[in-house]
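Have a look at the structure below before the remarks.
Lettering of chains follows the sequences in order, A, B, ..., and the numbering in each one begins at 1. Since the structure is predicted, the reported quantities are computational estimates derived from the model, not experimental observations.
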2 protein chains.
Amino acid sequence: MSPRRPSSNHAPSQVDVARIAGVSTQTVSRVMSGQDNVKEATKQRVLAAVEQLGYRVHAAAASLASGRTHILGLIILATDRFSSGALTVGIERVAEEKGYTVTTATVPDHAPRETVLAAFDRLEGQGAEGIILGVPTDFDSPEMRLRTQRTPSTLPTKSRTSSGDGIIIDQRHVARLAVEHLLELGHKTVWHVAGDEYWEEAIVRREEWEAVLRERGIEAPPVIPADWTPESGYRAGRTLALIPGATAVFVASDEMAFGVIRALHEAGRVVPDDVSVVSVDDIALAAYASPALTTVRQPFEEVGAAAAHRVIATIEGTDAEAAIRPVHSELIVRASTAPPAR
Amino acid sequence: MSPRRPSSNHAPSQVDVARIAGVSTQTVSRVMSGQDNVKEATKQRVLAAVEQLGYRVHAAAASLASGRTHILGLIILATDRFSSGALTVGIERVAEEKGYTVTTATVPDHAPRETVLAAFDRLEGQGAEGIILGVPTDFDSPEMRLRTQRTPSTLPTKSRTSSGDGIIIDQRHVARLAVEHLLELGHKTVWHVAGDEYWEEAIVRREEWEAVLRERGIEAPPVIPADWTPESGYRAGRTLALIPGATAVFVASDEMAFGVIRALHEAGRVVPDDVSVVSVDDIALAAYASPALTTVRQPFEEVGAAAAHRVIATIEGTDAEAAIRPVHSELIVRASTAPPAR
DNA sequence: TTGTAGGCGTTATCAG
DNA sequence: CTGATAACGCCTACAA
């Protein structure tokens, strides 16, 4: 039997349901929001009416009345970059679990600060109760401060500079894992192809790479700059291929590593025999690179989940700290690293 | 000067603005929605008050009153798959241009029909005025019909079976481009590593691959099934490596092609000398595979944009057909294909 | 356990 | 060009 509308042609409302069920609208409201102080029989009558009419609560009306929207805002990169997709999946999962909905605003890479602020405002305007900032942002700028003060916000990655409001992946640890692996294999030094320094992660990884070398009394060779794209990795690889003594590189992302390896290959340097390459992310294709990539896995999906938990906790006044699960990076050794040829 | 709130601590409303500007709320409403029937001087006073208070229209209230939400729903795969990210970017771009906001619901791959329907309902409940279905769906099932009838919806890919409501990439053309390329290179036949047949695209590509061969009087070899993942591609590649006569494969996606090539490599078959590989998508890494992938580029971002244009046109009663720009696939020849060795 | 009253902030409609 | 008034559909608070 197909559901039938009351008479007019617009969506059924609480009033319609109440009339059919022979109760007040208030009772309908109680049933819909799952309150338990409704007699079972009444509840069933209401539910029957709901079913019959195909009634659904009107989100806008509900949120106007209650002051709650249950909307989470997500500001993310307008690219198909692996990390963005995985992050989103984690956020979305938790949001749904917790009864939230997520609205996304994308911003181009290297967007000026105003673009991010504008995205933030747009999301707030849409009613977002909390916002997850998936792009580099100066969390401590006055403009941002102003906003994060009125709307709970979180950064998926821990920032070097800012007040500890970022979370989750310790990028120092990531870099250390990678560089130490190479050193333990017996390489005398490690070169570094860095990510775009517009991103905090890139800076931290570079700093830690230097720090690890310094600890062992090794002077860091010059950084080879790049920008996360495979193209930039390729260019970096060509540079690297020119340096005879280079036997080991720490590349700041898998996607760049693909480019680096290709350039090395073309220059006749074999990976890992001549040069060992370790990178970061462990994207799905990492295991299918030639050779398979040794890489530090970043659990983006968990990071997204943790970020979502965190904002939701803040929104709801639950203990935010308790809601955070630390997330672990892990070195995955595959075929792109080996001891240096003697 | 920092904006100051009226007195209480909740967000300023139209009333506050009206009072300060010395006009009625109606006039504020008119200014905010950009109607032109307001005297310039009045408008400026209103704008000044808006600025001073930091007023923004309350989306929920506006949509309750107007009946419009300007929300677009997007149902998409809960993975970091390349295509999903790119699609989203295109949708988001157009949505923003047109003053819409996008709310996403993710569903796992291979989700049963009910999951997709539930996502649809959730989005509708959130007020989505139009929905873009980025996952395989039986667009013609009664349950879906029921929904698409009340909420404009669109499929980014043209379906074999359904009523022409799908759009944009002609998968037959994609397959034809790939297979003919191989044939023109001189290969006697072409093998096929198929995508997950849960997806329309996979089926269409396989069908067309067969059709192209048949046209030339070639009997199609057995399909090698896979599921879009690089892992499945790897397995398919091992199978392929066992077949001595196989000199050319059409792989249904780049991500699988990475797996195929690795397996071939490990089996001692050189690409493209022994086996030519052509795939589909042209993901960012395709150019950095070893060897660089010959592939049929799919402009996902444009597809997303076209899909968004389409739903919005439907929502607004504009001519939907006019709003669609056809989108072109293109063969990108790189290093993974070559004439067969004689 | 259930109902009544009032208001959430905006836009539509109709007057002026 | 501008304003008064009535919805929009629901929820909170309070009362029964």
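For the contact set between residues 120-131 of chain A and DNA chain D, defined by any heavy atom under 4.0 Å, there are no members.
Across the protein-nucleic acid pair, B:Leu64 atom CG and C:dT11 atom C1' stand 10 Å apart, rounded to whole Å. Between A:Lys39 atom NZ and C:dG3 atom C1' the separation is 14 Å, expressed in whole Å. Rounded to an integer number of Å, the gap from B:Asp36 CG to D:dT2 P is 12 Å. Straight-line distance from the CZ atom of B:Arg45 to the C1' atom of D:dG3: 13 Å, rounded to whole Å. Nucleotide D:dG9 holds its P atom 9 Å from the CG atom of A:Asp16, rounded to whole Å. Taking atom CZ of B:Arg19 as the reference point, atom C1' of D:dG3 lies 17 Å away to the nearest angstrom. Rounded to whole angstrom, the span from the CD atom of B:Gln44 across to the P atom of D:dT2 amounts to 12 Å.
Of the candidates B:Val89, B:Thr88, B:Val94, B:Glu92 forms a side chain to side chain contact (heavy atoms under 4.5 Å, CB included) with just one, namely B:Thr88.
Note on A:Glu316 versus A:Lys98: no salt bridge recorded, every NZ/NE/NH1/NH2 to OD/OE distance being 4.0 Å or above. Using a 4.0 Å cut-off between charged side-chain N and carboxylate O, B:Arg93 and B:Glu301 make a salt bridge.
In this structure, CG in B:Leu74 is found 5.0 Å from OG1 in B:Thr104, a value given to the nearest 0.5 Å.
Side-chain atoms of A:Tyr55 and A:Ile20, non-hydrogen and from C-beta on, never get closer than 4.5 Å to each other. Taking the side chain as every heavy atom from C-beta outward, A:Phe120 and A:Thr151 approach each other to under 4.5 Å.
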Nucleotides 10-12 of chain D: which of its N/O atoms have a protein N/O under 3.5 Å away?
from, atom 1, to, atom 2, distance (Å)
D:dC10, OP1, A:Tyr55, OH, 2.5
D:dC10, OP1, A:His58, N, 3.2
D:dC10, OP2, A:Gln14, N, 2.5
D:dC11, OP2, A:Gln14, NE2, 3.0
D:dC11, OP2, A:Ser29, OG, 2.7
D:dT12, O4, A:Gln26, NE2, 2.7

B:Ile131/B:Arg147 under side chain to side chain contact (heavy atoms under 4.5 Å, CB included): CA gap, chis, key distance, verdict: CA-CA 10 Å; B:Ile131 291 179; B:Arg147 289 169 173 79; over 6 Å; no

Stepwise side chain to side chain donor-acceptor pair (under 3.5 Å) check, B:Gln26 with B:Ser24: CA-CA 5 Å; B:Gln26 191 43 233; B:Ser24 72; over 6 Å; no

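Between A:Ser24 and C:dT2, a side-chain N or O to OP1/OP2 separation shorter than 4.0 Å is absent.
Looking at B:Glu129, its side chain does come within 3.5 Å of a backbone N or O of B:Thr69 through a donor-acceptor pair.
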